[in-house]
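This report refers to the structure that appears directly beneath it.
As the structure is a prediction and not an experimental result, all values here were calculated from the model. Just so it is clear, the values below take in all heavy atoms, side chains as well, and ignore hydrogens, waters and symmetry mates. The chains referred to below are lettered A, B, ... by the order of the sequence lines, with proteins before strands, and numbering in each begins at 1.
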2 protein chains.
Amino acid sequence: MSDKPEADTRLPSRRIADDLRASIERGELPPGGKLPSERDLASRYGTARNTAREAISILQSEGLVIAQHGRGVFVRPQTPLMRLGSNRYSRRLRSETGLSPFRIEVTKQGRVPKAECRSVTTEPPPADVADRLGIDPQTPVIRRENWYFADDEPVQVGVTYIPVDIAGDSPLASEKKLGKGSIYARFEDLGYPIARIREEISARMPNPEEMTGLAMPPGVPVIEVLHTSLDEQRKPFEVTRFVMRGDLNGLDYEMPIED
Amino acid sequence: MSDKPEADTRLPSRRIADDLRASIERGELPPGGKLPSERDLASRYGTARNTAREAISILQSEGLVIAQHGRGVFVRPQTPLMRLGSNRYSRRLRSETGLSPFRIEVTKQGRVPKAECRSVTTEPPPADVADRLGIDPQTPVIRRENWYFADDEPVQVGVTYIPVDIAGDSPLASEKKLGKGSIYARFEDLGYPIARIREEISARMPNPEEMTGLAMPPGVPVIEVLHTSLDEQRKPFEVTRFVMRGDLNGLDYEMPIED
DNA sequence: CAGTGGTCTAGACCACTCA
DNA sequence: GAGTGGTCTAGACCACTGT
């Protein structure tokens, strides 16, 4: 009856993927819910198991589902993003709470924050960092590598580069605790109050090291932020490269229009 | 002789992927260069073709290579990113050049910019947009959909939402040309000079519509920017959601530290 | 036309999880 | 031990690109 039934020209793998995606979007498969097994899908659609598997890998690359060996394939639960804001650097926030914005954000989500300085070394900086610092790429600088966790899950890494003639033998150059307030309180001690920031943002897929280091599920990009701190004379005194899991982090800037 | 030769415990597909990735990183396979064919790799490594194919799909999901049907698999050439900056909204830049920052950036790269307003409608906004505008999600607003191209390649989409009581029957509410200067010149005409902006940034994999609309290669994320324009009383008067190809676009903010 | 990637089949064995 | 995903094989046919 009615229209002539158009043949479904879609490939079997696409058809399975489309059906599953629709189920997810309609909410029939809720976040955290379990998809049918590969063997199940294959027999239901009358295909080989590999074809059902291909369908799932499409959804995986879209970041919609996550497979767990021996358990099943699950709809990726939507964790609310941590919103790192431009107020991250606010002096008032720093002194009022005594907490870093990272700790505030994570705590707000009911998770337990942890930050850890994994290494402090002296070495020549990458070319883009040297450029932002306005120095020669051969000149060694202090390099501090920081890891940030929520409930012991790694969520971002920050690598900070500081010219040696600025850090001197201050706490910034040593592996010991930085002391009260954030790293920017130490820069202030040294006569470099933070007055302006520049943040260059890009998104890309993680490389294998980031994939394991940040325990990234497939189908999730990273956000890379190249941060530069400027003092009142607009002189750069510190550059940090942040790499963050894109499924857990976001950015939130509010700023005046200048000119 | 020497050490006992440790067995290579890596899976065949990983081994092939690792070898190819190393070749790319060493520059033996330069950007734009062609990888060996799948059948080639399979026979070289003594595996089935599917295994070589799996290796390539790993590199593809890392955004390192791009496959072209009937031609081969190629190392993804690195196009320089367009850096959209906070100066995007600068009044001075607007009046000095008469060009939008998008046009300036694309032209700087030796490509031909094109912007096109694809539709202007009136409808209820998405929940997050209504929230930023401080209005009820049921209230219809003006919706303007803009597409941006470089050399006729789509690079980003922007969907702008404007409360009806602000747009009125001004050019903002019609499909006609907006006139000299950018859209912000029109808001200024209406008594809404842009004084501050808020930009909320996230990264994710494209959904199927974005994939086709922006002609996205696999293994490339999108950057989503939820932009809010505020007037001198910090009243929001416009929200735009930008979705940009992550392999062609980046952001560049410079701002003062407030407080 | 030959060569390429895209999709699929029908099996197989392994590693992991959970009752 | 039953059920799950992870990997692999050895084929097949198709669609697309080049000459």
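Within the structure, every side-chain polar atom (N or O) of B:R71 is placed at least 4.0 Å from both OP1 and OP2 of C:dG3.
Contacts of residues 29-46 of chain A with DNA chain D (heavy atom under 4.0 Å): A:S37, A:E38, A:R39. Of the residues in residues 53-70 of chain A, those with a non-hydrogen atom less than 4.0 angstrom from any atom of DNA chain D are A:R53, A:A67, A:Q68, A:H69, A:G70. Within residues 211-222 of chain A, no residue has any heavy atom under 4.0 Å from DNA chain D.
For the side-chain contact (heavy atoms from CB on, under 4.5 Å) test, residues two or more places apart in sequence or in another chain that qualify with B:R118 are B:E116, B:E145, B:W147, B:F149. Under the ring pair (Phe, Tyr, Trp, His ring centres under 6.0 Å) criterion, B:Y161 pairs with no residue, sequence neighbours left out. Partners of A:K108 under the side chain to side chain donor-acceptor pair (under 3.5 Å) rule, at least two apart in sequence or in another chain, are A:E105. The ring pair (Phe, Tyr, Trp, His ring centres under 6.0 Å) test applied to B:F242 returns no partner, not counting sequence neighbours. Remark: A:D128 pairs with A:P126, A:R132, A:L226, A:R241 by the side-chain contact (heavy atoms from CB on, under 4.5 Å) rule, at least two apart or across chains.
A donor and an acceptor atom, one from each side chain of A:E238 and A:T240, are located under 3.5 Å apart. Side-chain atoms of A:E200 and B:Y253 form no donor-acceptor pair, as typed in the model, at a separation below 3.5 Å.
Exactly one residue among A:L251, A:L248, A:V106 makes a side-chain contact (heavy atoms from CB on, under 4.5 Å) with A:M82. That residue is A:V106.
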>> Under the criterion side-chain contact (heavy atoms from CB on, under 4.5 Å), I'd like the reasoning laid out for B:V222 against B:R245: C-alpha separation, chi angles, the key distance, then a yes or no.
In response: CA-CA 5 Å; B:V222 293; B:R245 275 179 59 163; 5.7 Å; no
> B:E62 and A:M211: side-chain contact (heavy atoms from CB on, under 4.5 Å), yes or no, with the steps?
Replying inline: CA-CA 10 Å; B:E62 289 171 6; A:M211 205 119 171; 5.6 Å; no
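First and last contacts of DNA chain D with chain A, using any nucleotide atom under 4.0 Å from a protein heavy atom and ordered 5' to 3', fall at D:dG3 to D:dT9.
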Donor-acceptor pairs under 3.5 angstrom involving side-chain atoms of residues 51-59 of chain A: please list them, not counting sequence neighbours.
| residue | atom | partner | partner atom | Å |
| --- | --- | --- | --- | --- |
| A:R53 | NH1 | A:E38 | OE2 | 2.7 |
| A:S57 | OG | A:E54 | O | 3.4 |

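The stretch residues 64-78 of chain B participates, sequence neighbours left out, in these side chain to side chain donor-acceptor pair (under 3.5 Å) pairs: B:Q68-B:R71.
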> If pairs are Watson-Crick or G-U with both distances under 3.5 Å, what is the dot-bracket string of DNA chain D, marking crossing pairs with [ ] and pairs to another strand with |?
Replying inline: ||||||||||||||||||.
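Note that CG of B:N146 is 6.5 Å distant from CZ of B:R144, once rounded to the nearest 0.5 Å. The CD1 atom of B:I223 sits 4.0 Å away from atom CE of B:M244, with the distance rounded to the nearest 0.5 Å.
A residue-by-residue look at A:R49 and A:R14 shows that A:R14 has its nearest nucleotide of DNA chain C further toward the 5' end.
Annotation: side chain of B:L35 is in contact with side chain of B:L20 (closest heavy-atom distance under 4.5 Å).
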